[in-house]
Number of protein chains: 2
Amino acid sequence: MDADKVFKALGDPTRRRLLDLLCEQNGQTLGQLCDHLDMARQSATQHLDLLEAANLVSTVKRGREKLHFINPVPLHEVYERWVRKFERQRLSLLHDLKQELEGEDQ
Amino acid sequence: MDADKVFKALGDPTRRRLLDLLCEQNGQTLGQLCDHLDMARQSATQHLDLLEAANLVSTVKRGREKLHFINPVPLHEVYERWVRKFERQRLSLLHDLKQELEGEDQ
DNA sequence: TTGACATGCAGGTATTTACCTGCATATTAT
DNA sequence: ATAATATGCAGGTAAATACCTGCATGTCAA
């Protein structure tokens with residue numbers, strides 16, 4: 001997984017919206033997805049290309065259509081390698097901050 | 001939580017590195033953090049400001065120093081509102097794609 | 001076959017972003 | 001008090017980004 005590509009891809013609201021749309025209904029065509037976005041088809045294509053480069057979306061050509069599917073694996077890896085690390089220390093980190101603040105008051 | 005600020009903040013490798021550094025040792029000063037980065041102090045400040053705006057980092061002034069603390073809450077919320085949604089559908093989404101690919105071959 | 005439809009490809013532009021330098025301010029230590 | 005230290009603030013620039021328009025290609029249906 002290219003963590004940077006995944007995070008960069010998730011860093012744009014349009015692309016998160018595209019993932020949301022695919023989560024509602026997987027396997028949509030470019031045209032279907034564009035109907036929900038307020039931008040030119042070509043712009044949406046560029047966003048989808050980034051999602052595909054980040055391996056967050058896979059595509060299948062069917063005739064003249066292009067179907068888009070969510071790939072949840074990178075999101076899972078983001079969680080495993082990134083969020084859980086902080087999650088594990090969550091309580092202890094809050095404890096650090098609390099101690100620091102209390103130390104200031106004394 | 002401002003999801004956009006959080007995702008944008010996570011979308012830069014320098015800022016992820018800063019979070020990593022704070023995860024290793026919480027409560028570091030700006031100077032300490034800069035020692036690990038290959039850029040001007042002022043640039044690091046701008047990154048830290050974004051992390052603070054996204055509520056991923058909290059700061060405490062102690063004399064002339066500024067201490068930085070990780071706030072894991074937004075990361076947890078990102079996971080809850082974002083990753084888990086896809087996680088739940090993980091297997092079924094992969095199933096959709098598999099079916100589509102198999103359909104093409106027939 | 002031909003017209004309609006879905007997508008691909010090639011630039012062009014305005015905004016955002018990630019850096020920088022230079023100088024100011026505030027705190028600590030001698 | 002003064003020098004060293006830690007950070008704040010104000011621009012300036014080059015690259016990345018998110019849009020766009022115009023045209024080309026490939027597929028389906030009448």
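Naming: A, B, ... by sequence-line order, numbering from 1 per chain.
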> Please give, in whole Å, the distance from D/dG8 C1' to B/Lys66 NZ?
Replying inline: 9 Å
>> To the nearest 0.5 Å, what is the distance between CZ on B/Arg15 and CG on B/Leu51?
In response: 6.5 Å
> Does any donor-acceptor pair link the side chain of B/Gln46 with the base of D/dG8 at a separation under 3.5 Å?
Replying inline: no
> How far apart are the closest heavy atoms of A/Ala54 and A/Ala9, and which atoms are they?
Replying inline: CB-CB, 3.9 Å
> Rounded to whole angstrom units, what separation is found between the CD atom of A/Gln32 and the P atom of C/dC5?
Replying inline: 16 Å
> Any donor-acceptor pair under 3.5 Å joining the side chain of A/Arg64 to the base of C/dT7?
Replying inline: no
> Tell me, do A/Lys8 and A/Lys5 make a side-chain contact under 4.5 Å, heavy atoms counted?
Replying inline: no
>> In this structure, how many angstroms lie between the P atom of D/dA6 and the CD atom of B/Gln28, rounded?
In response: 14 Å
> Just how far, in rounded Å, is P of C/dG8 from CD of A/Glu65?
Replying inline: 11 Å
> Can you find a heavy atom in the side chain of B/Lys66 that is under 4.5 Å from one in the side chain of B/Val60?
Replying inline: no
> Roughly, in whole Å, what's the span from CZ in A/Arg62 to P in C/dA6?
Replying inline: 13 Å
> Rounded to whole angstrom units, what separation is found between the CG atom of A/Asp49 and the C1' atom of C/dG8?
Replying inline: 10 Å
>> With a 4.0 Å limit, can you tell me whether B/His47 has a side-chain N or O closer than that to the phosphate oxygens OP1/OP2 of C/dC19?
In response: yes
> Same cluster or not: are A/Leu22 and A/Leu50 linked, directly or through other Ile, Leu, Val, Met, Phe, Trp or Tyr residues, by side-chain heavy atoms under 4.5 angstrom apart?
Replying inline: no
> Taking atom P of D/dT17 as reference, at what distance in whole Å does atom CG of B/Asp4 sit?
Replying inline: 15 Å
>> My understanding is that only residues two or more places apart in sequence, or in another chain, count here; which of them pass salt bridge (charged side-chain N to carboxylate O under 4.0 Å, His left out) with B/Arg16?
In response: A/Asp4
>> What's the closest nucleotide to the side chain of A/Ala40 if the choices are D/dC20, D/dG22, C/dT21?
In response: D/dC20
> Between B/Ser43 and C/dA18, is there a side-chain N or O to OP1/OP2 distance below 4.0 Å?
Replying inline: no
> Taking OP1 and OP2 of C/dA26, is either one under 4.0 Å from a side-chain nitrogen or oxygen of B/Lys61?
Replying inline: no
>> Contact list please: residues 5-20 of chain B against DNA chain D, heavy atoms, distance less than 4.0 Å, in numerical order.
In response: none
> Does a sphere of radius 6.0 Å around CG in A/Asp35 hold more than 12 heavy atoms from other residues, nucleotides or ligands, not counting ones at 6.0 Å or beyond?
Replying inline: yes
> Among D/dG8, C/dC9, C/dT7, which is the nearest nucleotide to the side chain of A/Arg41?
Replying inline: C/dT7
> Expressed in angstrom and rounded to an integer, what is the separation of A/Leu30 atom CG from D/dT27 atom P?
Replying inline: 16 Å
